[in-house]
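Note that the structure is predicted; figures quoted are calculated from it, not measured.
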There are 2 protein chains.
Amino acid sequence: MATQSARRTQAERTAETRARIMDAVVECIADVGFGRATASEITRRAGVTWGAVQHHFGDKDGILRAVLEDSFERFAERLEGMPGTGASVNERVDAFINCAWSHFGSADYQSTFEILLQVERARAPGDLPTWQSGMSKEWSRIWRAAFADARLSRRESLALQRYTVSVLTGIASMRVIGGGGQRRPDAELDLLKDALSRSLQGQA
Amino acid sequence: MATQSARRTQAERTAETRARIMDAVVECIADVGFGRATASEITRRAGVTWGAVQHHFGDKDGILRAVLEDSFERFAERLEGMPGTGASVNERVDAFINCAWSHFGSADYQSTFEILLQVERARAPGDLPTWQSGMSKEWSRIWRAAFADARLSRRESLALQRYTVSVLTGIASMRVIGGGGQRRPDAELDLLKDALSRSLQGQA
DNA sequence: CCGCTTCCATAACGATTGCAATGGAAACCA
DNA sequence: TGGTTTCCATTGCAATCGTTATGGAAGCGG
């Protein structure tokens with residue numbers, strides 16, 4: 001099978017190697033945690049050597065940043081298909097949260113989250129926070145598009161957005177530190193949806 | 001000054017050395033992040049040598065666990081002084097969340113949280129999750145004492161508790177990965193309080 | 001078919017890590 | 001006051017980390 005590997009274009013080889021390395025990083029962190037996701041462990045899982053990593057990503061921080069950007073990108077793509085102002089507020093909230101949770105609740109995001117924490121703590125004081133530079137703008141744009149008809153001040157809207165992100169992040173975090181959170185946090189998500197629907201409809 | 005140090009009881013020496021080491025761990029993680037909180041950096045900040053750490057805590061994991069336990073303990077103590085069922089639900093919710101946030105929002109908790117993530121990922125599959133073994137019981141007991149009069153099923157009560165912890169954890173997490181969160185998240189906390197008050201009073 | 005570039009494996013390197021072993025000073029107990 | 005225990009500094013070590021330098025194989029353009 002796949003003995004075509006003797007005949008592949010450079011672009012194909014590059015794409016596959018990059019994907020294998022990035023997948024290995026995510027899988028490795030998910031399995032043994034960030035602290036034990038060493039360079040040798042990553043290369044072992046990816047089935048490549050460190051030379052390959054060096055060629056494509058430069059150094060270890062390079063892979064981590066690439067994984068983060070990839071995660072942000074796929075999240076933004078996922079959010080694109082949100083229903084417009086045609087549907088009811090409740091329906092839009094439901095779709096939005098479900099979609100967002102399909103990202104925050106994914107196994108991959110647990111790894112991304114650990115990378116995010118680690119990279120963020122190593123950030124130079126002058127640089128923009130990783131979340132803000134990578135995700136905040138997309139998130140905010142899509143949010144405004146989905147809930148453009150809500151009668152909220154800019155301040156109120158931002159607070160709601162921050163609350164949403166915080167809750168999703170928190171539920172995801174608890175799955176890590178709380179351990180056995182294989183259970184789907186439907187109750188928590190429902191509480192979040194209620195709060196959103198109520199606030200977006202101006203019910204103080 | 002403090003040349004009294006030539007005359008101190010063993011218990012005093014022990015207490016001070018332990019406190020200095022644990023404080024150094026927290027301070028170190030808060031400053032440079034868990035990844036760079038190495039043994040030498042910790043001992044440098046504490047003004048002791050590794051021998052002292054080894055004597056009191058055994059190994060590095062020992063310090064981390066001690067810091068976690070200490071954090072849990074102080075949190076439980078803080079929660080003890082909650083008003084009983086005399087006050088109104090709104091007042092109790094307000095006091096409870098303010099008190100809980102004074103823990104989750106503290107600078108120390110950021111370090112604790114990073115330790116928690118790291119230790120949890122290194123946990124053996126059979127062991128209890130750190131949060132559950134260290135904090136869940138106390139939390140649940142105090143919660144039930146504070147809101148004993150709420151007409152909620154056990155399932156609903158647990159969901160509310162989990163939601164509360166998730167939101168607080170999430171807000172705290174966003175301060176780390178979002179960077180500039182020196183701002184007090186009053187708006188988010190208000191949204192949480194509203195959800196709690198409403199649910200505890202049975203307003204579907 | 002052949003130079004050239006891209007891609008990746010191999011094999012070292014220096015720096016750090018956390019830990020074990022030993023020794024001595026201070027505090028306690030009699 | 002002398003023996004014992006507690007406390008902690010020192011030193012050395014094995015392991016491992018991430019990185020760099022170099023060489024060769026695979027695809028590409030002429």
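- With rounding to whole Å, Gln118(A) atom CD is found 12 Å from dG18(D) atom P.
- The side chain of Lys60(A) sits closest to dG18(D) out of dG18(D), dC19(C), dC7(C).
- Spacing between atom CZ of Arg13(A) and atom C1' of dA26(D) amounts to 5 Å, rounded to whole angstrom units.
- Looking at Arg36(A) and Glu41(A), no side-chain N of the basic residue comes within less than 4.0 Å of a carboxylate O on the acidic one, giving no salt bridge.
- A straight line from CZ of Phe34(B) to P of dT17(C) spans 13 Å, rounded to a whole angstrom.
- The residue among Asp61(A) and Ala52(B) whose nearest nucleotide of DNA chain D lies closer to the 5′ end is Ala52(B).
- Here the P atom of nucleotide dC17(D) and the CZ atom of Arg36(B) are 16 Å apart, to the nearest Å.
- Residue Thr38(A) is in sugar-phosphate contact alone, with no base atom involved, counting any heavy-atom pair closer than 4.0 Å across all strands shown.
- With dA9(D), dC7(C), dC8(D) as the choices, the nucleotide that has an atom nearest any side-chain atom of Thr17(B) turns out to be dC8(D).
- Dense packing is recorded around CZ of Arg141(A), with more than 12 heavy atoms of other residues, nucleotides or ligands lying under 6.0 Å away.
- When each of dG18(C), dT19(D), dC8(D) is scored by its nearest atom to the side-chain atoms of Trp50(B), the top-ranked nucleotide is dG18(C).
- The nucleotide whose nearest atom lies closest to any side-chain atom of Thr49(A) is, among dC8(C), dC8(D), dC19(C), dC8(C).
- Taking the side chain of His56(B) as heavy atoms from C-beta on, and the options dC8(D), dT17(C), dC17(D), the nearest nucleotide is dC8(D).
- Going from atom CG of Asp59(B) over to atom C1' of dA20(C) covers 12 Å, rounded to whole Å.
- When the side-chain nitrogen and oxygen atoms of Ser40(B) are compared with OP1 and OP2 of dT17(C), one or more of them lie within a distance under 4.0 Å.
- One finds a side-chain N or O of His55(A) lying less than 4.0 angstrom from the OP1 or OP2 phosphate oxygen of dC7(C).
- Looking at heavy-atom distances under 4.0 Å, Val53(B) makes no contact with the nucleic acid at all.
- In the model, Ser157(A) has a side-chain atom that pairs as donor or acceptor with a side-chain atom of Gln161(A) under 3.5 Å.
- Using a 4.5 Å heavy-atom cutoff, the side chains of Trp131(B) and Glu120(B) are not in contact.
- In this structure, the CG atom of Leu64(A) is 12 Å from the C1' atom of dG18(D), given to the nearest Å.
- For the pair Arg18(B) CZ and dC8(D) C1', the computed distance is 14 Å after rounding to whole Å.
- For the 3.5 Å distance criterion, the side chains of Arg144(B) and Ser140(B) qualify, holding a donor opposite an acceptor.
- Atom CD1 in Ile21(B) sits about 14 Å away from atom P in dG18(C), given to the nearest Å.
- Taking every side-chain heavy atom of Gln54(B) into account, dA21(C) is the closest of dC8(D), dC7(C), dA21(C).
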